[in-house]
Amino acid sequence: MATKIILDCDPGHDDAVAILLALGAPAHIEVLGLTVVGGNVSLQGTVTNALRVLMLANREEVAVYAGCPRPLVREMVTAEHVHGESGLDTASGELLAVPKTTAREKHAVNYIIDTIRQSESKSVTLVATGPLTNVAAAFAMAPDIVDELKQLVIMGGAFHEPGNITPAAEFNIYVDPHAARSVFESGAAITVFGFDITHQMRITPARLKSIQNNAGRTGKVVADFLDFFNQYDMSKYGWDGAPLHDPCTVAWLIDPTLFEGSQMAVTVDTTDGPNFGRTVADWYAVTEQKPNALVISHGDSDRFFELIIKRLATL
Ligand code: RIB
Ligand code: CA
């Protein structure tokens with residue numbers, strides 16, 4: 001039976017591929033709706049991009065819900081330097097078509113709460129590929145949903161790898177560390193994909209070419225925007241491709257054999273200073289802290305990209 005998901009995202013190039021991968025695997029994933037948060041760019045931009053991606057996939061019937069435009073406590077931080085002004089800039093300069101659809105009236109946080117409450121217990125999986133503001137707000141407004149949720153799959157954090165927005169912090173956590181801390185302390189069944197695994201999933205030139213040539217109707221458009229996405233990270237890190245972070249969450253739901261991890265205690269540093277937004281994992285269980293997350297650390301990057309290309313080719 002397909003896994004029912006709500007995908008909370010901040011599209012964003014890698015969020016866009018996560019959305020397309022989920023839509024391209026109907027035997028494994030049923031997308032109940034997209035909830036959107038401010039992150040890579042402003043909420044207005046991330047909502048527009050979510051609608052753009054659904055239009056690209058010819059799936060405009062999928063509902064989009066706008067959520068929190070800013071973090072719970074700190075000031076907003078965005079990442080136009082990585083994703084471009086639109087949040088989904090392309091190498092060709094030709095942006096995805098302006099969407100004809102709009103977000104639904106209901107707020108994303110209310111949609112998350114209502115959907116989980118109205119669904120069979122432990123039947124809904126929440127996937128979060130942006131800052132965790134919507135998720136934290138939903139858990140604070142309706143603590144009962146934490147135990148009703150099947151699981152929460154997060155792209156965020158950096159454990160052995162350095163941060164990308166500060167030396168210590170990964171962007172999704174850094175934008176709203178207070179939200180992230182409350183989510184990791186919520187008791188939800190969490191699986192987390194941090195940089196230790198996503199940095200292994202790089203969009204090399206060969207993989208980009210394969211997406212362009214073998215991923216069907218959407219392949220050329222996806223390759224065009226990933227070509228743009230590659231530029232910042234390749235120049236910053238000197239790598240052979242940018243890490244394709246967000247689709248790791250959906251790929252794991254489709255084929256868990258792609259990845260390996262361990263249960264461990266994860267905490268989020270919300271103290272002012274150089275470690276603000278840092279995620280710390282008790283890798284060797286040296287504290288008394290109870291493990292609160294499955295931390296993914298290894299994966300098969302070739303099979304990961306093969307899955308993405310195969311599923312996008314069906315759209
Ligand atoms: O740090 C990478 C993460 O932040 C990804 O989810 C990217 O889309 C941004 O949201
Ligand atoms: Ca994201």
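Index from 1, following the sequence. Both backbone and side-chain heavy atoms feed into the values below; hydrogens, waters and symmetry mates do not. Atoms within a ligand are numbered from 1 in the order they appear, just like the ligands themselves.
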Please indicate whether Glu61 has more than 12 foreign heavy atoms, meaning atoms of other residues, nucleotides or ligands, lying under 6.0 Å from its CD. yes

For [X] and [Y], test the side chains for any donor-to-acceptor distance below 3.5 angstrom and give the result as yes or no.
X      : Y      : result
Asn134 : Thr35  : no
Thr133 : Arg70  : no
Asp15  : Thr129 : yes
Asp14  : His245 : no

Point-to-point distance, once rounded to the nearest 0.5 Å, from CD of Gln151 to OG1 of Thr191: 5.5 Å

Can you label the angle between the Tyr111 ring and the Tyr65 ring as parallel, tilted or perpendicular, going by 30° and 60°? parallel

Taking only residues two or more places apart in sequence, or in another chain, which ones meet Glu80 in a side-chain contact (heavy atoms from CB on, under 4.5 Å)? Val41, Thr78, Glu85

Partners of Thr166 by side-chain contact (heavy atoms from CB on, under 4.5 Å), sequence neighbours excluded? Ala168, Ala169, Tyr174

Contact residues of ligand 1 with a heavy-atom cut-off of under 4.0 Å? Asp10, Asp14, Asp15, Asn40, Thr129, Met155, Asn164, Glu170, Phe171, Asn172, Phe195, His245, Asp246

Protein N/O/S atoms under 3.0 Å from the Ca ion (ligand 2): how many? 5

